[in-house]
Structures are given as C-alpha cells and as structure tokens.
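Within every chain, numbering begins at 1; the chains are lettered A, B, ... in the order of the sequence lines, protein sequences first and strands thereafter. All values below were derived from every heavy atom in this structure, side-chain atoms included, with hydrogens, water molecules and symmetry-related copies excluded.
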Amino acid sequence: MDDLYRDYILEHYKRPKNFGELDPHDLEALEHNPLCGDELGVHIRVRDGRIEDLRFHGHGCAISQAAASIASEELKGMSLKDVAELDADWMIDLLGIPVSATRRKCALLNLKVVRGAVTGDRAWPA
Amino acid sequence: MPPVAERTLEVRADFPIFARRFDGRELIYLDSGATSQKPQVVIDALADHLQSHNANVHRGVYALAQEADAAYEEARQKVAAFVGAAAETTIFTKNVTEAINLIAYSWGRANVGAGDAVLITQMEHHANIVPWQVLCRERGATLRYLEVDERGELSLEALDAELARGDVRIVAFAHVSNVLGTINPVAEMTRRIRAAGAISLVDGAQAVPQMGVDLGSLGADFYAWTGHKALGPTGVGVLHGRRELLEQMEPFLTGGDMIASVDFQSASWNELPYKFEAGTPPIAEAVGLGVAVEYLSGLGMENVRAHERALTAYMLERLVEVPGLRVVGPPEAEHRGALASFTLEGIHPHDVAELADRGGVCIRAGHHCAQPLMRCLGVGATARASVGVYNEASDIDALVSALNAGREVFGL
C-alpha cells in the first residue's frame, strides 16, 4: 500500500466528486498554485447562510484534485461562518495522508479557493 | 539495452555529491537544466579563495587585496575566453535574470519608445518575458511573440516578416529552450536582426553548459548566461555585450565600484566592465566559475555535447517505451539540447516527479518558468528530465523503471 497514493486518493483523483460548473451560482473564485501552475476554481450556491451546493473546476495533481473532491462532500451544508474558520489542519486531517512540505500547497489549494470565495481572504490557509 | 554512443564521458567520480546515499540509494540526478552539480575542483577553488585569498576587490593596496583582485580578474579572463569574448565586455551579474533586466533598463529605456516593438518568442523563460513586459508597458511599446511550431521550433520566415514591419528595436530569445530543448539557429537569426537594424539579446543559460559557444560566430549584440548551470557556484551570472552599445549605455545599478568619481551632486561612470558592476561583486563565486569553465574546457565542449547528445537520444528512445508518454519539442536529439519534457497520460507531472523520486530519480515538474509556452503546448505543466556531464545511461534506465512503477501505483 502506497503511503501517499492510497486507493481512495487515486479514486477521488480519477473520479472527482462535485467537479464541473454550477450555474447559477452565488460565489466563485479562482486560484493558482504558483509552484506548478495548477489552477482550481469553485462555484458555490448559497442558501440560508449555508453552502447548498458547489463545484470545482480546473486541473492539478492527484493530491490537489483528491483534496478538492474529499473536501467538497464536507463543505456541502456547512455554514459560511464555519467555512471562514476552516484551517489547514482541517484539510490535512480530512485528506488522511502524510503531506510533505512541498505538497502542502497542493493539498490546501481547494480550501484557499473556497475561503477566498466566501470571505475574500486570499491567504494560504495556516 | 542498446549501448549509448562510444564517446561518453566518465566523470562522475569528479562530483562528490554522487558519493552521498539517500536511504542507502545512489543519487540519480536528472535536473541539470535547473542547476548542475559541482565538481570537486570548483568546491575546492571556492574554499581556497575564502580560506587563503579573501579580500575585497578594486580598493586595497595590501598584498592580500591584490591577490583577490588578480583572482577575480583572472576569472573574468577565463570566463570570457571560454565563449570567445573580450574581458572588458564581460560583466559579472547575479544571474541571467539580472543580466536581462540590465539590458531592459539600461539599453531599453534609452532606445525603446512609444510605437516601437520588442520581439521575443513563445519559448522564453519568464526571465526573458517579464522585463520586456515591464519595459513595453512603461514606454508605450508593443511586445510581440515569434510563434513556436508543432516541432517546437521557430520560423526564420516569421522572423523576417516581423522585422519587415520596421518597428522592432530588439529581439530577445533563448539559445536553447529550457522546456522544449530546441536549439535555435542563433547566427542566422542575429544576421537577419542586424540587417534589419535591430539589436539581439540571446539567453544562453541552457546553451553554454552543454555546447561550445563562440560569440564571434554567433553575432549576438548581447549574450547572457549563468554560472550555476555550468558547474559553477550560484550567485554569478555573465553578460557579454558589444562594446559600442555598452559604452553608450547608462549604468543599471549605481553605487560603489561603478564610479570614476563622485561629487556631492553627481558622479561619472567607471570604464567597462566595472560601470555595470555596482557594489562588491560575487568574487569567490566568479573564481569558482573560472575553475568550472576550465574544467569544462578540459573535457572539451565537443565531447560534452557528444556525451549529452548521445544520452538525450537514448532518453528519447527509452521514454517512448512508457505507455501514454508524450515528449514535447524537436523529435531528434540532433536538434535539441540535453533535456526532454514530457507528459504521462493519467498522471499529473507533479505526481510523475514524486513517483520518480521514489525510484531515487530527481526530475523537475511544473511550468518551468515558461507559462506562456505551456499555454501554447496546451498543457498546464510537464515533467522534465535533463542530463549533465556526469549522467550515464543507467540513470535513464532508472527513470524509465520509476515511471513504469509509477504507472502501476496509479493503476494504469
């Protein structure tokens, strides 16, 4: 069993959940990982202060795509207030694999873009 | 496996880093396009300079300062001679980026105005794009690009057509592409550029380390390269320029060392090349680079090129054995520098590099500081394997094995 490329990571990479466009949508953002040129955008539909639905789009490595796919399931139904408070540990724990310093931004790109759409804060999650 | 051509070098023992083990494994380094490893003679030269000859240059009368002066200027002589340039028109910079910025500021701001055009190519490194974007925006000039064709090459006819528009002041282009590996026909291009009354600047970062470069026959007005890719230390780059142009130009950075005299309100400039070397220069690094080019000359640049061309041909041959692998750039090793950029179907380049690392193989993945080119190629990123004098055919075999093992991890 591969430590990083576990079956469920590869499964999410090959068949990512909640990928595509979502129209109409209320919030959107697009971010890049300057290290590798990866690009990830999100469309979010909001209802009663919560994420009703969302879709990611873009391209990236297995870690960034799987992280977005896994996070998307958790983010549905979450209040925007809670989304604003999500931190890097939340994502890394959710991913469930040892993420090296060089791959950290791959794992966090989706949270950066979602938080950016919700709060306008474009900083990397700490 | 098929044998690699007879004329291969066996110099790995000269490079102490290859004695290191990584979890018991040997270092398989296929990232010389990013930076080269250093031979012991260069490491020793740096240490020896710092240990026994260290003083600032150009200002001391004592014996030690004179030694430092002599070492720095001797390095300049060696570096200039290595590419057939004169010492007075050979300027030490920090790297190629600084050299190109120097031209964009000092030559560009005096010679490029509203309505003029700067011509670069779609295969440039960001270092040879962004300084021109900034210049053109500031001066109201236009930045145009020569296209890269499906073979990864430029067209001389397209260059002629661009030059015929009559507004091109400078053409800046890579000698060897850091992504495609394409070797551009520099002499034919500079001849056309000069005939059209424009200036040429060649980014030789990938060329100087791997092939004999003779500036006299290339005919470029400016030529820049960097030490750390040519077996030398980081922190030292080189800019060669045509004397008349350098003499007319205002300095880039100003301060100490680059002046003839300083009054309360004004200063006059030092002679070439010091006019362009403000502040304490990279003395030990230049000394190290002097020894690096001596080492390369000792190998013979024709042998270096033959070695790397043979390895590149072998790499191209072996890489296509990997299912789903697509190499970008010129198909024949004859027309390319010592690298291969590729994509692997079903595995993102970042993961390709990670999987290669598991096989102990160091390759690079990403946009290689060439995002416009990536867009032209229709990819977000590629993986890139590049070879140096110390590589052997077994390194390529290890890469191919690692890629095949990686495909298995991904269930392909």
* Basic-acidic side-chain contact under 4.0 Å: B/Arg384, B/Asp31 -> yes
* To do: Could you tell me how the ring of A/Phe56 sits relative to the ring of A/Phe19: parallel (under 30°), tilted (30 to 60°) or perpendicular (over 60°)?
  => tilted
* B/Glu124 to B/Thr121 - nearest heavy-atom pair and separation -> OE2-OG1, 2.6 Å
* Asked: Where does the angle between the aromatic ring planes of B/His350 and B/His348 fall among parallel (under 30°), tilted (30 to 60°) and perpendicular (over 60°)?
  -> tilted
* Only one of B/Asn95, B/Asn128, B/Thr93 forms a side chain to side chain contact (heavy atoms under 4.5 Å, CB included) with B/Ile100, so which one is it? -> B/Asn128
* Which pair of non-hydrogen atoms, one from B/Val176 and one from B/Gly181, has the smallest distance, and what is that distance? -> CG1-O, 3.6 Å
* Asked: Taking everything shown except B/Gln133 itself, do over 12 heavy atoms lie less than 6.0 Å from its CD?
  -> yes
* B/Ala338 and B/Thr312: which non-hydrogen atoms are nearest, and at how many Å? -> CA-OG1, 3.2 Å
* Are A/Arg103 and B/Asp351 close enough for a salt bridge, meaning some N to O gap below 4.0 Å? -> yes
* Residue by residue, scan residues 21-28 of chain B and write down, ordered by number, those that have a heavy-atom distance under 4.5 Å to chain A; if none do, write 'none'. => none
* Asked: Which pair of non-hydrogen atoms, one from A/Leu75 and one from A/Ile51, has the smallest distance, and what is that distance?
  -> O-CB, 3.5 Å
* If contact means a heavy atom pair closer than 4.5 Å, which residues of residues 403-412 of chain B contact chain A? -> B/Val409, B/Phe410, B/Gly411
* Asked: What pair of heavy atoms forms the shortest contact from B/Ala174 to B/Val202, and how long is it?
  -> C-CG1, 4.5 Å
* If you count the non-hydrogen atoms of other residues, nucleotides and ligands that lie under 6.0 Å from CD in A/Glu21, is the total more than 12? -> yes
Can you list, pair by pair, the side-chain donor-acceptor contacts under 3.5 Å of residues 108-117 of chain A, counting residues two or more places apart and other chains?
residue, atom, partner, partner atom, Å
A/Asn110, ND2, A/Ala107, O, 3.2
A/Lys112, NZ, A/Glu31, OE1, 2.7
A/Lys112, NZ, A/Arg122, O, 3.2
A/Arg115, NH1, A/Leu86, O, 3.0

* Quick one: which residues of residues 356-375 of chain B reach chain A at under 4.5 angstrom, heavy atoms only? -> B/Arg358, B/Gly366, B/His367, B/Gln371
